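Notes follow once the structure below has been shown.
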Amino acid sequence: HLCRWGYGSSNETWQTARAMRNYQIPQDAQWNDIDYMDGYRDFTIDPQKFASLPSLVEDLHKHGQRYVMILDPGISSTNPHGSYWPFDEGLRRGLFLNTTQGQPLIGQVWPGFTAFADFSNPDTQQWWLENLQRFHAHVPFDGLWIDMNEPSNFMDGSEDGCPPGELDSPPYTPAVLGDSLSAKTVCASAKQKASVHYNLHNLYGLMEAKATASALIQIRGKRPLVISRSTFPSQGQYSGHWLGDNRSQWKDMYYSIPGLLSFSLFGIPLVGADICGFSGSTSEELCTRWMQLGAFYPFARNHNTQNEKAQDPTVFSPAARTAMKDVLLTRYSLLPFLYTLFHRAHLQGDTVARPLFFEFPRDVATLGLDRQFLWGRSLLVTPVLEPGVDSVMGYVPRGVWYDFYTGSSVNSSGEMLKMSAPLEHLNLHVREGAILPTQKPETTSEATRRNPLRLIVALSQSGTAWGDLFWDDGESLGTFERGSYSYLVFNVTQNIFTSTVLHASAEATEVTIGTLSIFGVQEPPSKVLLNGQEKPFSYLGNQVLTVSDLGLSLSQGFTLRWL
């Protein structure tokens, strides 16, 4: 995902998306921040600077890409009556937070004076849907980014402050910003449909996310993409999260890892930080390292503030640009693996980005690790988090781990290892006993989906491995619940690789398994048999066996033996 505040126009936004295509750098979604709006008002477009937005969105769709824009819950309240439907209609239906006096509470956000939508009222969800339907008819967006939903207010409480009373001035005030519950938000005494704001404050983002996901489903009939700043437990069902406004500094890049892992524990697996940093000015080295780390955020978005120089991959030197492109292609090659992890998150609440201690709970050395993480059980990410280095120290839990790119093995006793890390390289290691489904990458996930799969088999010391693959059309609602998916299990024992189709659907017939790469084959094989037929193969000195041109449909099981 690519975004910034301050593209300034739809043409400038379009130029960036075109430059990305020009350099063949993977990109699935183009975003816009509040500068697309007319006077920062929700559900409007700047008629001068963003006049070509509908054409831009059409062009993105033509290239298999998506469009996402920002929305805030503060609704501009100062327009002449009859000129701004969202406020007029919200007022008519009584859908805003009210003061104790029963009048809409007026605060201040980007457009100036605003009222705040009360998402605890079911009628507000209908009004929100209607606003989005009207906007979608003009700009057919694909996902929504909901911000400022703590709710955030540039005033403390409201334009009139807050009334006296124990909701706004409780006997005990926790150590919050401004030493007041109303600092930079609305009054705790504000009335909402379900209760007073005091009881609902922490649920505001969750309720907005729920309304937004529901609206997207009704408008597009597909799975919703919502990214929210404010969150609460259970929100992973409706939205993902980005870690808020960070800075273009090395320490902020490092801090994003504990942030990522925390949100995984909170049940919000679709999470990431602004890659290369939001505020402040990034450097080429920082941005390259951050793109490498960020390619392994489950939610990977490069985002920048206004009045800073651009930091999308196209603006850097050829060397940095290539390093960024390469790591994004690595991410895209791993999408089948990542998608299967998200299926497990959906099904049973598994984490996607995972702390090492989850997998190695008895290894006390893993408990404090916050500079590395895993994808699922088996892919270890060790990013560079400081300037001016060409190596990185990383903890490698006990056992055999294989270099993701070459298949060369390292047998660790559970120790810190020094890894080579020139600027163009991100260290990735595959855990013994794992099978990773990967795919030849393209510049969009839509194009990548059509390519042959390559299964990476990382043999354990006893010569076994296991992996799985969940496959569906990638966007329909309830595919698992309706049974329109394929699910495959891969197994290796005693030099026999088996692919078992446990559930099949039509989508799987369009995809083939092209290559098997088996890491850790101790002896050079004399022959390889696919379903009993001999197949050509290659075997390298680092104990990697590769069998290519398999051309097997995903919907058929098969066995492959090496002797």
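Keep in mind the model is a prediction, meaning the values are calculated, not measured.
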### Query
Looking at CD1 of I219 and CG of L144, how far apart are the two atoms once the value is rounded to the nearest 0.5 Å?
7.5 Å
### Task
Just say parallel, tilted or perpendicular for the rings of F43 and F135, cut-offs at 30° and 60°.
perpendicular
### Task
Might you work through the side chain to side chain donor-acceptor pair (under 3.5 Å) test for Q372 and T382, ending with a clear yes or no?
CA-CA 5 Å; Q372 295 167 278; T382 308; 3.0 Å; yes
### Task
Examine the side chains of K222 and S476 and answer whether a donor and an acceptor come within less than 3.5 Å of each other.
no
### Query
Do Y7 and S9 have side-chain heavy atoms sitting under 4.5 Å apart?
no
### Query
Do W128 and E208 have side-chain heavy atoms sitting under 4.5 Å apart?
yes
### Message
Determine whether a donor-acceptor pair (N or O, by modelled atom type, separation under 3.5 Å) exists between the side chain of S279 and the backbone of N246.
### Response
yes
#### Entry: Carboxylate-amine/guanidinium contact K193 D118, below 4.0 Å
no
### Query
Do Y254 and D370 pass the side chain to side chain donor-acceptor pair (under 3.5 Å) test, and can you show the C-alpha distance, the side-chain angles, and the key distance before you say yes or no?
CA-CA 8 Å; Y254 156 52; D370 58 4; 2.8 Å; yes
## Note on the structure
Of all heavy-atom pairs linking A458 and V430, the shortest is CB-CG1, 3.7 Å
### Task
Can you establish whether the number of heavy atoms outside F232 located under 6.0 Å from its atom CZ is more than 12?
yes
#### Entry: Parallel, tilted or perpendicular: ring planes of Y485 versus F480, cut at 30 and 60 degrees
tilted
### Message
Tell me whether the rings of F278 and W5 are parallel (<30°), tilted (30 to 60°) or perpendicular (>60°).
### Response
parallel
#### Entry: Cationic N near anionic O, under 4.0 Å, D312 to R4
no
### Closest approach of L270 to P298 (non-hydrogen atoms, all atoms of both residues)
CD1-O, 3.9 Å
### Message
How about CD on E58, more than 12 heavy atoms from neighbouring residues, nucleotides or ligands closer than 6.0 Å, or not?
### Response
no
### Query
Backbone N or O of G277 within a donor-acceptor pair of the D274 side chain at under 3.5 Å?
no
### Task
Could you please spell out the steps behind the side-chain contact (heavy atoms from CB on, under 4.5 Å) verdict for L132 and L71?
CA-CA 10 Å; L132 286 167; L71 275 181; 3.5 Å; yes
### Query
Just by distance, do the side chain of S182 and the backbone of T185 share a donor-acceptor pair under 3.5 Å?
no
### Query
Between E386 and R289, is there a side-chain N and carboxylate O pair less than 4.0 Å apart?
no
### Message
Determine whether a donor-acceptor pair (N or O, by modelled atom type, separation under 3.5 Å) exists between the side chain of R331 and the backbone of A295.
### Response
yes
### Query
Counting distance only, does the side-chain N/O of S248 pair as donor-acceptor with the main-chain N or O of C276 below 3.5 Å?
yes
### Task
Go through the steps to decide whether N451 and E442 satisfy the test side chain to side chain donor-acceptor pair (under 3.5 Å), and finish with yes or no.
CA-CA 8 Å; N451 282 343; E442 300 286 346; 2.9 Å; yes
### Message
Using only atom types and a distance under 3.5 Å, with no angle test, would you say the side chain of R354 pairs donor to acceptor with the backbone of T351?
### Response
yes
### Query
CE/M207 to CG/N149 distance, rounded to the nearest 0.5 angstrom?
13.0 Å
### Task
State plainly whether the residues R377 and E359 are in salt-bridge range, i.e. N to O under 4.0 Å.
yes
### Query
F87 and F96: ring pair (Phe, Tyr, Trp, His ring centres under 6.0 Å), yes or no, with the steps?
CA-CA 9 Å; F87 179 74; F96 297 121; 5.5 Å; yes
### Message
I'd like to know whether NZ of K325 has more than 12 heavy-atom contacts from other residues, nucleotides or ligands below 6.0 angstrom.
### Response
yes
### Pair H241 and F299, ring centroids less than 6.0 Å apart
no
### Query
Looking at W31, does the NZ or CZ of R301 lie under 6.0 angstrom from its six-membered ring centre and within 45 degrees of the ring axis?
yes
### Query
Judged by atom type as modelled, is there a donor-acceptor pair below 3.5 Å linking the side chain of T124 to the main-chain atoms of S120?
no
### Query
Roughly how far apart are E89 CD and I75 CD1, rounded to 0.5 Å?
12.5 Å
### Task
For the residue pair Q235 and S239, confirm or rule out a side-chain donor-acceptor distance under 3.5 Å.
yes
### Task
Begin with the C-alpha distance, continue with both residues' side-chain angles, and end with the deciding distance and a verdict on ring pair (Phe, Tyr, Trp, His ring centres under 6.0 Å) for H429 and F404.
CA-CA 5 Å; H429 290 89; F404 171 78; 9.9 Å; no
### Intermediate values then yes/no, side-chain contact (heavy atoms from CB on, under 4.5 Å), T231 and F263
CA-CA 10 Å; T231 53; F263 270 84; 3.3 Å; yes
### D472/R223 ion pair, N-O < 4.0 Å
yes
## Note on the structure
Taken to the nearest 0.5 Å, the spacing of W250 CH2 from M253 CE works out to 4.5 Å
### Message
Nearest 0.5 Å, please: how far is CG in L428 from CG in L426?
### Response
4.5 Å
#### Entry: Distance, nearest 0.5 Å, that separates CG of D473 from CD of E510
9.5 Å
### Task
Examine the side chains of D468 and H343 and answer whether a donor and an acceptor come within less than 3.5 Å of each other.
no
### Message
side chain to side chain donor-acceptor pair (under 3.5 Å), that's the test. Do E284 and T288 meet it? Break it down for me.
### Response
CA-CA 6 Å; E284 181 162 289; T288 304; 5.6 Å; no
### Query
Does the side chain of S256 come under 3.5 Å of the side chain of Y297 through a donor N or O and an acceptor N or O?
yes
### Task
Flag the pair R66 and D28 as a salt bridge only when some basic side-chain nitrogen lies within less than 4.0 angstrom of an acidic carboxylate oxygen.
no
### Task
Applying side-chain contact (heavy atoms from CB on, under 4.5 Å), run through F296 and L334 and close with a yes or a no.
CA-CA 10 Å; F296 286 83; L334 281 158; 3.7 Å; yes
### Contact check, side chains of M324 and I25, non-hydrogen atoms, under 4.5 Å
no
### Query
Is the distance between the ring centroids of F154 and W110 less than 6.0 Å?
yes
### Query
So, Q439 side chain and T448 main chain: donor-acceptor pair closer than 3.5 Å or not?
yes
#### Entry: Working for side-chain contact (heavy atoms from CB on, under 4.5 Å), residues W471 and S505
CA-CA 9 Å; W471 191 270; S505 70; 5.9 Å; no
### Message
Looking only at side-chain N and O atoms, does Q311 offer a donor or acceptor that is under 3.5 Å from a partner on T282?
### Response
no
### Message
Are L53 and F141 packed together at the side-chain level, in the sense that at least one heavy-atom pair is separated by less than 4.5 angstrom?
### Response
no
### Query
Under 3.5 Å, is there a donor-acceptor pair linking the side chains of Y67 and N32?
yes
### Query
Counting N and O atoms only, with roles assigned by atom type, does the side chain of T330 sit under 3.5 Å from a partner on the main chain of D326, one being a donor and the other an acceptor?
yes
### Query
Are E150 and R229 close enough for a salt bridge, meaning some N to O gap below 4.0 Å?
yes
### Message
Under a plain distance cut-off of 3.5 Å, with no hydrogens placed, do S10 and S52 share a side-chain donor-acceptor pair?
### Response
yes
### Query
Got more than 12 heavy atoms from elsewhere within 6.0 Å of OH, Y198?
no
### Query
Of R21, Q30, E446, which meets side-chain hydrogen bond (donor to acceptor under 3.5 Å, both in side chains) against Q65?
R21
